Every structure is written in structure tokens, then in C-alpha cells.
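Working notes for the structure below.
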Amino acid sequence: MQTFTATEFTACNLNHRFTNAELETLAWMAEGKENSAIGLLRGHGEPGAKKLVSSVLHKLDCNNRCLAISRAFATGYLKATKAAKKSTLQAIAALLIIVSGVSAGTGSGDSFLRTASSRSQGTYRVRWEEVLPANHGGAA
């Protein structure tokens, strides 16, 4: 099995789904690298990195990086390195990446919109009915 280890994460090529370049790109995506940084790390430009990121997203059937990383963790394509496992802060960050990616793709249908006020640091829950106009085509 092919693997590529970045600083904090290791990408594993289970059942040969990814090319070596895509595997390396997946690991750098998990590290939070942008296309330009991935291009520099791989020794080519941003357009090449953009193609590789797009290919990884397609193979994981995702439309954004966060969901792709969470699916890669869930399916075993990504693992934390031993050094990252020792750090509680890094483990919490990895968990937050997974949770935010999974919740982004659930479509739970929550009827509340979370908004942050510029005057306070709190978060308020506002009903959709308060946001949408009364004559909007919804139920009365």
C-alpha cells in the first residue's frame, strides 16, 4: 500500500484509488495548504495543484475540501501521524475538521439560522419566518 506522510497526516492509498500525486495532494489538503502552496511543495505551479485537488474531490465525491478531508478520514485514506496523535491540540483540531465536514454535508433541515451580532460576542437563533418576507411562497 502506498502512503505519503506530510507534517501531521498520512495519506494511505487503499485499493489504489489515487495516483501518487493525488495522494500527496490529499495529505497537503489535510494540512490546510492552499493550491499555491501545494504547487510549490510539489514543484509545479498553482494550475497543476488545482487540477490535482479537483481530481481528489471528484474521486471522493465531494464538492469542497472540508468534506473531502472528513470523508478521507472516515474511509481510512487519511490518518494522523504518531507525532500528531501525541498532541492533544492537534487531535482536537483534526476532530473539528471531521465534525465540520460531516455536518456540512448532512442537510439536517434545521429551521434556525445562526447569526452573530456585530455589537456583541453572542450568537442568536433566528427563525426562518423572521428572516423571510411574509408573502414568501412558504406555508402560512
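If you're wondering where the values come from, they're calculated on a predicted model, not measured in any experiment. By convention here, the first residue in the shown sequence is residue 1.
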Backbone of Phe4 reached by a side-chain donor or acceptor of Glu24 within 3.5 Å: no
In the structure I gave you, are the side-chain heavy atoms of Glu46 and Leu40 within less than 4.5 Å of one another anywhere? no
Quick one: are Asn35 and Trp28 in side-chain contact, heavy atoms under 4.5 Å? no
Any chance NZ of Lys59 has more than 12 other-residue heavy atoms, nucleotides or ligands included, within less than 6.0 Å? yes
Closest contact, heavy atoms only, His44 versus Gly48: CE1-C, 3.6 Å
Minimal non-hydrogen separation, Gly76 against Lys79, with atom names: O-CE, 3.9 Å
Taking all heavy atoms of Ala68 and all of Cys62, pick out the closest pair and write down the distance. CA-SG, 3.5 Å
For a quick test of reading the model, state the closest non-hydrogen atom pair linking Arg65 to Lys33 and the distance between them. NH1-O, 2.9 Å
Cluster check Leu52, Leu67: I/L/V/M/F/W/Y, side chain < 4.5 angstrom: no
Begin from the C-alpha positions of Phe9 and Glu31 and carry the test side-chain contact (heavy atoms from CB on, under 4.5 Å) through to its verdict. CA-CA 7 Å; Phe9 301 102; Glu31 300 276 336; 3.6 Å; yes
Show your working on side-chain contact (heavy atoms from CB on, under 4.5 Å) between Asn63 and Leu57 and close with a plain yes or no. CA-CA 6 Å; Asn63 61 358; Leu57 293 176; over 6 Å; no
Less than 4.5 Å apart, side chain to side chain, heavy atoms only: is that true for Asn13 and Thr3? no
Tell me whether Ser54 contacts the main-chain N or O of Lys50 through its side chain, where contact means a donor paired with an acceptor under 3.5 Å. no
Between Glu22 and Ser55, does the side-chain hydrogen bond (donor to acceptor under 3.5 Å, both in side chains) criterion hold? Intermediate values first, please. CA-CA 7 Å; Glu22 292 167 344; Ser55 179; 2.3 Å; yes
Do Tyr77 and Asn15 come within less than 4.5 Å of each other through their side chains, counting heavy atoms only? yes
How long is the span from the CD1 atom in Ile69 to the CG atom in Leu26, to the nearest 0.5 Å? 7.5 Å
For Gln2, which of Leu14, Thr19, Leu23 qualifies under side-chain contact (heavy atoms from CB on, under 4.5 Å)? Leu23
Heavy atoms, side chains only, cut-off 4.5 Å: are Leu60 and Arg17 in contact? yes
Closest heavy-atom contact between Ala30 and Leu78? CB-CD1, 3.6 Å
